[in-house]
*Asks:* 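Sharing a structure below in structure tokens format, with a few things to ask.
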Amino acid sequence: MIEHKLARLVDDALGRAVESGRLKIARRPIVEIARPHEKGHGDWASNVALILAKEAGVGPRVIADIILDRIERPPYVADVTIAGPGFINFRLSNTWLYEALTAIRTQRDRYGWSELPTGERIQVEFVSANPVGPMHVGHGRWAAVGDSLARLLLAAGSEVQREFYINDWGNQMLNFGASVAARYRELLGAPLELPEDGYRGHYIIDIAQEIVDKDGDKYLDLGFEQQGKLFSARAYKQVLEHIKKTLEAMDVTFDCWFSERALHDSGELDETLALLEAGGYSYRADGALWLRTTDFGDDKDRVLVRENGEPTYFAADIAYHRDKIRRGYTKLIDIWGADHHGYVARMQAAMAALGAEPGSLEIIIGQLVSLYSGGRPIKMSKRTGEMVTLEELLAEVGKDAVRYFFLMRGTDTALDFDIELAKSETAENPVYYVQYAHARICSILRHAAENDLAPAGTGADLALLDHQAELALLRELAEAPSVIMRAAANRAPYRLTKYLQDVAGLFHQFYHQCRVVSDDEKLSVARLALCDGTRQVIKNVLWLIGVSAPEKM
RNA sequence: GCGCCUGUAGCUCAGUUGGAUAGAGUGACGGACUACGAAUCCGUAGGUCGCAGGUUCGAAUCCUGUCAGGCGCACCA
């Protein structure tokens, strides 16, 4: 990437300045190159002279001068100047932009991807919705964020595995089963005896109805408890299938569906508890077994095994993370909703107790989603009178808009999702703005083909692209690799939507200022190459957020 | 009471890890199709970066305090 080349130029000059004794500093700082906001300040700038001023005991402009005198100027550097308080500004010649365009059109679907593997094996665990009912819109956000993050990490050169943790054990499962049993009895004529904290959703009736349809009153004589066990085992699979289908409709797939129950059955949970005890991290008090999470920064110790002998969800979760560690990932990423943030400290404490390396578990907390319709908040589904489900949202606004909207905001800010806006096919809707740019380019390329024109191959006269709109677009396209790397490093897929809007905007501007297919064949061919490169970049970045790149709309 | 997140244009939000004159979209107003997609583009207007201190060459960004909103503080998951 160009900024790395420039950083090296500055760093080399700095090295020479120090060697010659002209500049006295103890340590050379990491040279950072940034894009100035103001176009008049050149294409790239370094602030290294300002950083060094204090230590060197001379003014930043003096230091900048010293560096400037020693800096190399390869052909792609048109000009280096000092400005303001001591910024070193680079103006680049256009050749590097043409090289970037050629790279896009050579690397194709791989443009923007890292050429070097990181050597990391990263596991991303996300959604992990309880299999006791339909997913809500919040789950959709974690699905979009988690899947895009996985794609980003892959592009950044890591090996990635996606995992869904199935909470198929514990009170909620019993409760779920009991709720189905109550509905089952009701359907067969008995009065409704829903458990106090039972599930009230209509889908429970649907599930019970299915059992009635298939097996009739076969189970009616069983006790309430037995019915519950039987039905929960049977119904959760059904719900899980439903979850899977909904996620697939979002183009989100998992490499592994990990069962909590399996941890109990395999003895891994007991093993983990024994391990913690052997390490001296647990103790008995008030009839329960506790983990000393306060030793690792939690504000109170946490129960592992209840007074009644049942392990807590936390205990199972520790066994689960131990299992992950043993599978050999170099990094674990969990994506949780904001309603679980209170759980972070104890989980990190447990990781430390397990002897995991600090930082090996990253927990991303996503803030919650609120639904709106034309600016008015909605909580309930019109159809069912219950929570709006992810499935309904997908059916209503479509996969592309759902994924795009879920990635329009930083993960740590609350998200307002306006259904009417997502459905609208107008300028207000950024999904269409970006997709329109892609479709428009495809249309131009089709039009060109009808006139026997094709984008220039490599070695064509790209230097004809010197209109300011062309150069601005080229500059933006050339940034894709660093945008992608930064988004991956910051676990911030939402930056991709911003970038897409910038690229699409610059393309539309270019389109209005520069006629692509014209009588000037050479210029047409060069501009078609620019169109083709833009199309490729939009397509690649859309893939990273899981949104389609339509050729027609 | 404690912890996490968030306060930036009328509205919804960016702001690339501390840089130069804080940016988009939308809404409002005014313009641009006899040629490649007007789902587009151009122009105008709009700011005490919640508030008060501090750190330094330099702060929307870091620190402290404070106000406001969201979420959470289980032997639930």
Side-chain angles (χ1 to χ4, degrees), chain A residues 32 34-38 40-41 45 47 50-51 53-54 59-60 83-87 89 128 130 132 167 169-173 175 197 260 286-290 299-300 302-308 310-314 316-317 337-345 365-368 370 375 408-414 416 418 421 424-433 435-437 439-448 450-451 453 479 482-483 486-487 489-490 492 494-495 497-499 501-502 504-505 507-513 515-518 524 527-528 531 552-553:
Chain A
E32 281 173 26
R35 263 185 80 168
H37 297 295
E38 199 63 33
H41 293 134
N47 64 349
L50 287 91
I51 291 171
K54 194 173 190 182
F87 289 100
N89 291 343
S128 300
N130 290 340
V132 294
N167 302 131
W169 194 92
N171 285 338
Q172 50 160 5
M173 286 305 289
N175 204 346
D197 46 358
E260 178 183 356
D286 304 328
L289 183 70
W290 298 73
D299 51 7
K300 59 192 226 185
R302 308 290 173 173
V303 171
L304 292 171
V305 181
R306 287 181 271 254
E307 209 172 342
N308 65 9
E310 292 291 334
T312 57
Y313 175 83
F314 181 45
D317 214 8
D339 51 344
H340 285 73
H341 79 253
Y343 196 78
V344 172
I365 296 297
Q367 297 295 317
L368 303 173
S370 314
M408 281 203 323
R409 302 281 174 262
T411 313
D412 54 4
T413 57
D416 293 335
D418 195 310
L421 178 58
S424 74
E425 300 190 354
T426 66
E428 300 160 48
N429 191 335
V431 193
Y432 288 97
Y433 184 77
Q435 289 186 321
Y436 178 70
R440 187 182 232 182
I441 293 171
C442 292
S443 169
I444 295 169
L445 292 171
R446 283 192 297 269
H447 176 260
E450 282 162 20
N451 292 283
L453 280 174
E479 280 220 42
S482 74
V483 168
R486 276 203 306 264
N490 292 303
Y494 76 96
R495 289 206 186 145
T497 57
K498 303 282 172 206
Y499 177 70
Q501 275 155 265
D502 289 344
F507 173 76
H508 290 310
Q509 286 169 35
F510 153 75
Y511 174 84
H512 277 271
Q513 292 179 58
R515 171 85 207 172
V516 178
V517 177
S518 68
S524 299
R527 283 180 171 168
L528 284 166
C531 288
K552 283 181 185 171
M553 289 172 72

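Predicted model, so just to flag it, every value in this text is computed and none were measured. Every chain is numbered from 1, with letters handed out A, B, ... down the list of sequences.
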*Asks:* What's the OH-P distance between Y499(A) and G23(B), to the nearest Å?
*Replies:* 21 Å
*Asks:* Check the distance between U26(B)'s P and L421(A)'s CG and give it to me in whole angstrom.
*Replies:* 11 Å
*Asks:* Given C42(B), is OP1 or OP2 found less than 4.0 Å from the side-chain N or O atoms of Q509(A)?
*Replies:* yes
*Asks:* With C1' as the reference atom in both, quote the distance from A32(B) to A9(B) in angstrom, rounded to an integer.
*Replies:* 26 Å
*Asks:* Considering only heavy atoms from C-beta outward, does the side chain of P430(A) approach that of T497(A) to under 4.5 Å?
*Replies:* no
*Asks:* Which label fits C33(B), syn or anti, where anti is any glycosidic angle not within 90° of 0?
*Replies:* syn
*Asks:* Quickly work out the Q367(A) CD to G3(B) C1' distance and round it to whole Å.
*Replies:* 13 Å
*Asks:* Looking at G19(B), which nucleotide sits across from it as a Watson-Crick or G-U wobble partner, both distances under 3.5 angstrom, or is there none?
*Replies:* C57(B)
*Asks:* Polar atom pairs between nucleotides 11-16 of chain B and protein, under 3.5 Å, N or O only, would you list them?
*Replies:*
from: U12(B); atom 1: O2'; to: R409(A); atom 2: NH2; distance (Å): 2.8
from: C13(B); atom 1: O5'; to: R409(A); atom 2: NE; distance (Å): 3.3
from: C13(B); atom 1: O2'; to: R409(A); atom 2: NH1; distance (Å): 3.3
from: C13(B); atom 1: O2'; to: K498(A); atom 2: NZ; distance (Å): 3.4
from: G15(B); atom 1: OP1; to: Y494(A); atom 2: OH; distance (Å): 2.7
from: U16(B); atom 1: O2'; to: R486(A); atom 2: NE; distance (Å): 2.7
from: U16(B); atom 1: O2; to: R486(A); atom 2: NH2; distance (Å): 2.7

*Asks:* C1' atom, G54(B) versus A14(B): distance in rounded Å?
*Replies:* 28 Å
*Asks:* What is the nucleic acid contact for A45(A), judged by heavy atoms within less than 4.0 Å: base, sugar-phosphate only, or nothing?
*Replies:* base
*Asks:* If you restrict it to nitrogen or oxygen atoms, what contacts under 3.5 Å exist between nucleotides 35-37 of chain B and the protein, and what is each distance?
*Replies:*
from: C36(B); atom 1: O4'; to: R515(A); atom 2: NH2; distance (Å): 3.1
from: C36(B); atom 1: O2; to: V517(A); atom 2: N; distance (Å): 2.9
from: C36(B); atom 1: N3; to: V516(A); atom 2: N; distance (Å): 3.0
from: C36(B); atom 1: N4; to: Y511(A); atom 2: O; distance (Å): 3.2
from: C36(B); atom 1: N4; to: C514(A); atom 2: O; distance (Å): 3.4
from: G37(B); atom 1: OP1; to: S443(A); atom 2: OG; distance (Å): 2.6
from: G37(B); atom 1: OP2; to: S443(A); atom 2: OG; distance (Å): 3.0
from: G37(B); atom 1: O2'; to: Y436(A); atom 2: OH; distance (Å): 2.5
from: G37(B); atom 1: O2'; to: R440(A); atom 2: NE; distance (Å): 2.5
from: G37(B); atom 1: O2'; to: R440(A); atom 2: NH2; distance (Å): 3.4
from: G37(B); atom 1: N7; to: S443(A); atom 2: OG; distance (Å): 3.0
from: G37(B); atom 1: O6; to: M553(A); atom 2: N; distance (Å): 3.3

*Asks:* Checking base pairs now: Watson-Crick or wobble, both atom distances under 3.5 Å. What partners C73(B)?
*Replies:* G1(B)
*Asks:* From A39(B), G72(B), G19(B), pick the nucleotide closest to the side chain of H341(A)?
*Replies:* G72(B)
*Asks:* Atom CD in Q513(A), atom NE2 in H508(A): separation rounded to 0.5 Å?
*Replies:* 13.5 Å
*Asks:* Pairing check on G7(B): which nucleotide meets the Watson-Crick or G-U wobble criteria with it, both distances under 3.5 Å?
*Replies:* C67(B)
*Asks:* Categorize Y343(A) for me: base, sugar-phosphate, or nothing, with a 4.0 angstrom heavy-atom threshold over every strand shown.
*Replies:* base
*Asks:* Give me the distance, rounded to whole Å, that separates A38(B) from G47(B) when you measure between the P atoms they each carry.
*Replies:* 34 Å
*Asks:* Check R515(A) against R527(A) and note the closest heavy-atom contact, atom names and distance.
*Replies:* O-NH1, 2.7 Å
*Asks:* Honestly, is R440(A) close enough over F507(A), meaning NZ or CZ under 6.0 Å from the six-membered ring centre and within 45° of the axis?
*Replies:* no
*Asks:* How long is the straight-line distance from CG of D412(A) back to CD1 of I365(A), given to the nearest 0.5 Å?
*Replies:* 10.0 Å
*Asks:* Give one of base, sugar-phosphate or nothing for E307(A), where a contact means two heavy atoms less than 4.0 Å apart.
*Replies:* base
*Asks:* With the side chain counted from C-beta on, respond yes when E260(A) and M173(A) share a heavy-atom pair under 4.5 Å apart, and no when they do not.
*Replies:* no
*Asks:* Report the relative orientation of the aromatic rings in Y343(A) and F314(A); use parallel for angles under 30°, tilted for 30 to 60°, perpendicular for over 60°.
*Replies:* perpendicular
*Asks:* For atom C1', what is the distance between A68(B) and U26(B), given to the nearest Å?
*Replies:* 25 Å
*Asks:* Quantified in whole Å, what is the P atom distance between nucleotide G30(B) and nucleotide A45(B)?
*Replies:* 15 Å
*Asks:* For A288(A), which contact category applies under a 4.0 Å heavy-atom criterion: base, sugar-phosphate, or nothing?
*Replies:* base
*Asks:* For H41(A) and for K300(A), locate the closest nucleotide of RNA chain B by heavy-atom distance; then report the residue assigned to the nucleotide nearer the 5' terminus.
*Replies:* H41(A)
*Asks:* What integer distance in Å separates F507(A):CZ from A38(B):P?
*Replies:* 11 Å
*Asks:* Once you round to the nearest 0.5 Å, how far does CD of E450(A) lie from NE2 of H447(A)?
*Replies:* 6.5 Å
*Asks:* If you round to the nearest 0.5 Å, how far is CG of N167(A) from CD of Q172(A)?
*Replies:* 5.5 Å
*Asks:* Between atom CD of Q367(A) and atom CG of D339(A), what is the distance when rounded to the nearest 0.5 Å?
*Replies:* 9.5 Å
*Asks:* What verdict does the side-chain contact (heavy atoms from CB on, under 4.5 Å) test give for N171(A) and Y313(A), after you've listed the backbone C-alpha separation in whole Å, the side-chain angles of each residue and the deciding distance to 0.1 Å?
*Replies:* CA-CA 10 Å; N171(A) 285 338; Y313(A) 175 83; over 6 Å; no
*Asks:* Check the distance between U17(B)'s P and D412(A)'s CG and give it to me in whole angstrom.
*Replies:* 16 Å
*Asks:* Indicate, with a heavy-atom threshold strictly under 4.0 Å, whether D339(A) touches base, sugar-phosphate, or nothing.
*Replies:* sugar-phosphate
*Asks:* Please report, rounded to the nearest Å, how far the P atom of G58(B) is from the CD1 atom of I51(A).
*Replies:* 15 Å
*Asks:* Applying a 4.0 Å non-hydrogen cut-off, can you work out what L368(A) is touching in the nucleic acid: base, sugar-phosphate, or nothing?
*Replies:* sugar-phosphate
*Asks:* Using Watson-Crick or G-U wobble geometry with both distances under 3.5 Å, which nucleotide pairs with U34(B)?
*Replies:* none
*Asks:* Of the candidate nucleotides U6(B), A20(B), C4(B), which contains the atom at the shortest distance from the side chain of N89(A)?
*Replies:* A20(B)
*Asks:* How close or far is atom P of G23(B) from atom CG of D502(A), stated in whole angstroms?
*Replies:* 14 Å
*Asks:* Between T312(A) and D317(A), does a side-chain contact (heavy atoms from CB on, under 4.5 Å) hold up when you go through it step by step?
*Replies:* CA-CA 9 Å; T312(A) 57; D317(A) 214 8; over 6 Å; no
*Asks:* Identify whether a stacking contact exists between Y433(A) and A39(B), where the ring centres must be under 5.5 Å apart and the planes under 30° apart.
*Replies:* no
*Asks:* Under the rule syn = chi within 90° of 0, otherwise anti, which is U55(B)?
*Replies:* anti
*Asks:* Looking at G72(B) and H340(A): do their rings stack (centroid distance under 5.5 Å, interplanar angle under 30°)?
*Replies:* no
*Asks:* Can you tell me how far C1' of A38(B) sits from NE2 of H508(A), to the nearest Å?
*Replies:* 11 Å
